[in-house]
Amino acid sequence: MTLIPRRKRPFSKYLTKVYTTLIESFGPQGWWPGETPFEIMVGAVLTQNTNWLNASRAIDNIKAAGLLDPKKLLCNQRKVPHLVKPSGFYRLKSKRLLAWCDYFVAKYQANVKKMKKRNLGSLRDELLTIKGIGKETADSILLYALDRPVFVVDAYTRRIFSRHGYFDYDAPYDKIRLLFEHNLPRKSKIYNEFHALLVKLGKTRCKKNEPLCSTCSLQHI
Ligand code: SF4
């Protein structure tokens with residue numbers, strides 16, 4: 001398993017170059033799509049194992065029903081599976097969403113400011129004890145809903161950097177996360193934009209089966 005950069009250039013310099021190149025190519029991505037921290041939390045749960053379009057349809061359903069509020073969702077539990085159906089695995093997703101709402105209301109009275117006051121490490125550990133909240137979901141919530149400096153590792157991150165020889169695709173999640181966090185300025189704004197840019201790159205160039213290297217801005221950096 002490779003985690004130490006194979007190339008001579010320090011990883012921090014390579015990451016800075018990747019970041020600036022992608023910003024120049026794609027521009028700021030304006031992530032995460034969501035009007036409130038709670039909407040971002042809901043999106044992070046519903047986008048598990050599906051694409052964003054499907055998750056956003058489920059969010060639209062919840063909004064249209066006037067239930068985009070953790071307490072309202074908990075009071076209308078029977079409606080939730082139907083509302084989240086477009087996101088796939090809807091029974092599982094509705095249980096996960098309600099488990100999140102239950103936690104958010106019971107522990108923080110659905111108050112984002114209260115949640116933000118927690119120490120980052122212990123808050124992350126706490127999120128990972130909630131049923132259905134894995135590392136990528138927890139880190140997406142921490143970064144995008146709570147503005148905490150945690151680098152989100154997803155399949156696009158693994159694909160792009162393993163193709164460039166910086167770590168193996170299946171390297172452990174936290175080792176990859178820490179590799180990024182130790183080689184980038186510890187700023188949520190940068191982690192936010194960088195992750196969004198990698199998603200854009202993975203969708204448009206670094207595709208799963210046929211990477212479009214000849215038109216990719218990272219080809220020669
Ligand atoms: S498309 Fe090719 S050049 Fe671009 S990131 Fe993927 S492997 Fe690298």
Side-chain angles (χ1 to χ4, degrees), residues 11-12 15-16 18-20 22-23 26-52 55-56 58-59 68 70 87 93 96-97 99-101 103-104 107-108 110-161 166-167 171-203:
F11 194 52
S12 57
L15 282 185
T16 304
V18 169
Y19 182 80
T20 52
L22 292 179
I23 277 276
F26 298 132
Q29 298 298 296
W31 265 39
W32 177 297
E35 289 165 7
T36 63
F38 182 65
E39 184 175 337
I40 293 169
M41 293 169 182
V42 172
V45 173
L46 296 183
T47 200
Q48 293 172 349
N49 306 110
T50 191
N51 60 46
W52 177 249
S56 66
I59 293 171
L68 193 58
S87 67
K93 294 273 179 82
R96 288 180 176 179
L97 181 55
W100 175 265
C101 292
Y103 157 79
F104 188 39
K107 186 91 189 180
Y108 297 100
N111 185 327
V112 172
K113 281 187 189 161
K114 213 169 179 175
M115 206 174 186
K116 276 185 173 179
K117 285 183 184 159
R118 290 286 312 279
N119 165 274
L120 177 55
S122 55
L123 178 58
R124 186 174 188 265
D125 289 344
E126 185 178 283
L127 298 193
L128 293 174
T129 65
I130 303 165
K131 213 169 174 157
I133 302 296
K135 289 177 179 175
E136 186 184 332
T137 306
D139 291 344
S140 298
I141 290 170
L142 287 167
L143 179 61
Y144 289 104
L146 303 177
D147 196 27
R148 305 303 295 270
V150 182
F151 199 88
V152 177
V153 177
D154 67 354
Y156 295 120
T157 316
R158 290 176 182 276
R159 190 193 302 162
I160 293 161
F161 287 90
Y166 283 96
F167 46 75
Y173 182 99
D174 282 322
K175 288 196 173 178
I176 299 177
R177 175 177 65 81
L178 290 173
L179 190 63
F180 280 82
E181 290 180 7
H182 291 163
N183 285 284
L184 286 169
R186 199 162 173 74
K187 290 186 176 167
S188 55
K189 201 174 170 206
I190 291 175
Y191 295 176
N192 174 328
E193 193 63 58
F194 208 159
H195 175 67
L197 289 164
L198 293 175
V199 172
K200 178 85 173 179
L201 178 69
K203 282 182 177 171

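Predicted, not measured: the structure shown is a model, and the values here were computed from it.
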Among residues two or more places apart or on two chains, list those pairs meeting side-chain hydrogen bond (donor to acceptor under 3.5 Å, both in side chains) that have a residue in residues 140-156. D147-S188, D154-T157
Output all residues satisfying side-chain contact (heavy atoms from CB on, under 4.5 Å) with N51, sequence neighbours left out; order by chain, then residue number. L53, N54
Roughly how far apart are W52 CH2 and W31 CH2, rounded to 0.5 Å? 8.0 Å
Could you give the distance from CG (L146) to CE (M41), rounded to the nearest 0.5 Å? 5.0 Å
Can W32 and T47 be said to form a side-chain contact (heavy atoms from CB on, under 4.5 Å), step by step? CA-CA 12 Å; W32 177 297; T47 200; 4.3 Å; yes
With L68 via side-chain contact (heavy atoms from CB on, under 4.5 Å) - residues at least two apart: F38, E39, V42, I62, K63
Would Y166 and L179 satisfy side-chain contact (heavy atoms from CB on, under 4.5 Å), going step by step from the backbone distance to the final call? CA-CA 10 Å; Y166 283 96; L179 190 63; 5.7 Å; no
Sequence neighbours excluded, which residues qualify as side-chain contact (heavy atoms from CB on, under 4.5 Å) partners of T137? A44, V45, Q48, I133, I141
Would you check if N183 and F151 make a side-chain contact, meaning some heavy-atom pair closer than 4.5 Å? no
How long is the gap from CG on D139 to NE2 on H195, to the nearest 0.5 Å? 10.0 Å
Contacts of E193 meeting salt bridge (charged side-chain N to carboxylate O under 4.0 Å, His left out) (sequence neighbours excluded), chain-then-number -> none
For Y173 and R124, the nearest pair of non-hydrogen atoms, with its separation, is CE2-NH2, 3.6 Å
Just how far is it from atom NZ of K93 to atom CZ of R96, taken to the nearest 0.5 Å? 8.0 Å
Look at the side chain of Y19 and the backbone N and O of F194, then say whether any donor-acceptor pair between them is shorter than 3.5 Å. no
In the structure I gave you, are the side-chain heavy atoms of L46 and I59 within less than 4.5 Å of one another anywhere? yes
Check ring pair (Phe, Tyr, Trp, His ring centres under 6.0 Å) between Y108 and all other residues, then give those that pass, not counting sequence neighbours. Y103
Are the side chains of V153 and E136 in touch, meaning some heavy atoms are under 4.5 Å apart? no
Taking the side chain as every heavy atom from C-beta outward, state whether L178 and E181 have any pair of such atoms under 4.5 Å apart. yes
Who passes side-chain contact (heavy atoms from CB on, under 4.5 Å) against S122, sequence neighbours left out? R118, N119
Under the rule for salt bridge (charged side-chain N to carboxylate O under 4.0 Å, His left out), what residues qualify as partners of K107, not counting sequence neighbours? E126
Can you name the residues that form a salt bridge (charged side-chain N to carboxylate O under 4.0 Å, His left out) with R158, not counting sequence neighbours? none
Could I get the full list of side-chain hydrogen bond (donor to acceptor under 3.5 Å, both in side chains) partners for R159, not counting sequence neighbours? none
Please give me the minimum heavy-atom distance between S87 and A58, naming the atom from each residue. CB-CB, 4.0 Å
Assess whether side-chain contact (heavy atoms from CB on, under 4.5 Å) is satisfied between M115 and L127, documenting all intermediate values. CA-CA 11 Å; M115 206 174 186; L127 298 193; 3.8 Å; yes
Step by step, would you call V18 with L201 a side-chain contact (heavy atoms from CB on, under 4.5 Å)? CA-CA 11 Å; V18 169; L201 178 69; 5.9 Å; no
Is there a side-chain contact between Y191 and F180 (heavy atoms, below 4.5 Å)? no
Residues forming a ring pair (Phe, Tyr, Trp, His ring centres under 6.0 Å) with F26, sequence neighbours excluded: none
Only counting residues at least two apart or in another chain, list the ones meeting salt bridge (charged side-chain N to carboxylate O under 4.0 Å, His left out) with K200. none
Closest heavy-atom pair and its distance - A138, L128: CB-CD2, 3.7 Å
